[in-house]
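Notes for the one structure printed next.
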2 protein chains.
Amino acid sequence: MKGERTRQVILDHAVNLASVEGLEGLTIGRLASELKMSKSGLFAHFGSKEELQLAAIEAASFRFIDVVVMPALKKPRGYPRLVALCKSWLNYVQHSVFPGGCFFAAASFEFDGRPGIVRDAVAKQMSDWMGALERAIRMARDEGHIDPKVEPAQLAFELNAFFFGANFSFNLQHDKKAFERAKKAITRRLEGIRISHAETRKRRGS
Amino acid sequence: MKGERTRQVILDHAVNLASVEGLEGLTIGRLASELKMSKSGLFAHFGSKEELQLAAIEAASFRFIDVVVMPALKKPRGYPRLVALCKSWLNYVQHSVFPGGCFFAAASFEFDGRPGIVRDAVAKQMSDWMGALERAIRMARDEGHIDPKVEPAQLAFELNAFFFGANFSFNLQHDKKAFERAKKAITRRLEGIRISHAETRKRRGS
DNA sequence: CCTACCGATCGGTAGG
DNA sequence: CCTACCGATCGGTAGG
């Protein structure tokens, strides 16, 4: 129906605006005027600013999954998928999928000092993402592609830190070497724990 | 004089408030009511919200230098000072020197998608900090404490990413292992490029 | 989805 | 440093 389509148009714009102005800086008045709607007409779709924020977080997560996670899932599980996930994250920031930089990095640092259900929703999205990253690492380990002593949560922490670092260097510092640096850091870390094909076969005893 | 003292009290509070609510979320009205001053009396110290934001950034930088940079400078240049800098950064977040988490990490992600002089001031503070980190690395290299092939800017990028990662895990995720993870990541990276005392003497030909 | 409105708060000013 | 304001905008409501 039409109401649902309008809602999607609103949310798409809300997500872009929030990535620049923050989830608190996102205002119903500005959103309405940019979309040439009345404030109350737009407001009626959500019922409160908090609901709008929660809906924006959900919409941003769909976009993130679409652009970062899904393409990587086409790669075979193990080392190739893990590398694909890292590459598509860096691409996602490089192509400014959200105009103000990574929506979730911004939201994480905006809400990390405040309580509330918006913060909880941001934290949930981030731990879902860290969980996905961890699973990709665990699979690579179970496939015998990386050192079995690797702790998935530790490596996920480090990779995510490099992603945040790339987002920071690129968007705040406008450093052209941001992605080169992040790639170098990630590659060194992953190559350091990689097990060669020959070694993988040997370990499997095949 | 008394005006200057009042100004410091205001800025001290402004910095704390901004670390939680963001530099845009910092409002003159709330600041005034928490300090039991009139809005206009407080306002007169700065002349505009933008000037208040710039003054808060400067005050935050003094606090940061005091707590993170100065103590590390007491250590001998080279590897010990580099390690001290990393440790005091993690301590700084662990002890919540700013109640809402690292002021500069928050400000970086808040302003990374917007133009203006506040953004420029945040970017300047961050590149000053990255510069200090780079210098500490370069000294360690020049002292023969770490592999001469290390690129200071690359390593500074990586260490800073781990700091942001620790801030994220600790403040948003309330992960008790945040600092353990960051320490492990930093230690592995630094130990990997470290040159032993014996080796340092040999390379110097002494 | 709209117009018309509400009280509260925003940054900022006048005048002292 | 204050009181007393200003226009603009905030989130939200009434009624259609």
Interatomic distance where CG belongs to B/Leu42 and C1' belongs to C/dG11 [whole Å]: 12 Å

Checking ring pair (Phe, Tyr, Trp, His ring centres under 6.0 Å) between A/Phe164 and each of A/Phe170, A/Phe104, A/Trp129, A/Phe109, which is the one that passes? A/Phe109

Could you tell me the separation between the CZ atom of A/Phe43 and the C1' atom of D/dG15, rounded to a whole number of Å? 15 Å

To the nearest 0.5 Å, how far apart are CE in B/Met70 and CZ in B/Phe62? 12.0 Å

Whether each nucleotide of nucleotides 4-10 of chain D has a protein heavy atom under 4.0 Å at its base (B), only at its sugar-phosphate (S) or at neither (-) is summarised, 5' to 3', as B-----B

Between residues 8-17 of chain B and DNA chain D, which residues have a heavy-atom gap below 4.0 Å? none

Identity of whatever pairs with D/dG16 - Watson-Crick or G-U, under 3.5 angstrom: C/dC1

Is atom NZ of B/Lys49 surrounded by more than 12 heavy atoms (other residues, nucleotides or ligands) closer than 6.0 Å? yes

Is the NZ or CZ atom of A/Arg63 positioned over A/Phe103's six-membered ring, under 6.0 angstrom from the centre and within 45° of the axis? no

Nearest-Å distance, NE2 (A/His45) to P (D/dG12)? 16 Å

Measure from the side-chain N and O atoms of A/Ser169 to the backbone N and O of A/Ala178, and report whether any donor-acceptor pair falls under 3.5 Å. no

Residues B/Asn171 and A/Arg114: side-chain donor-acceptor under 3.5 angstrom: no

Aromatic ring centroids of B/Phe162 and A/Phe162 under 6.0 Å? yes

Comparing nearest nucleotides in DNA chain D, the 5'-proximal residue of the pair A/Ser48, B/Met37 is B/Met37

Student check: side-chain heavy atoms of A/Lys177 and B/Phe157 closer than 4.5 Å: no

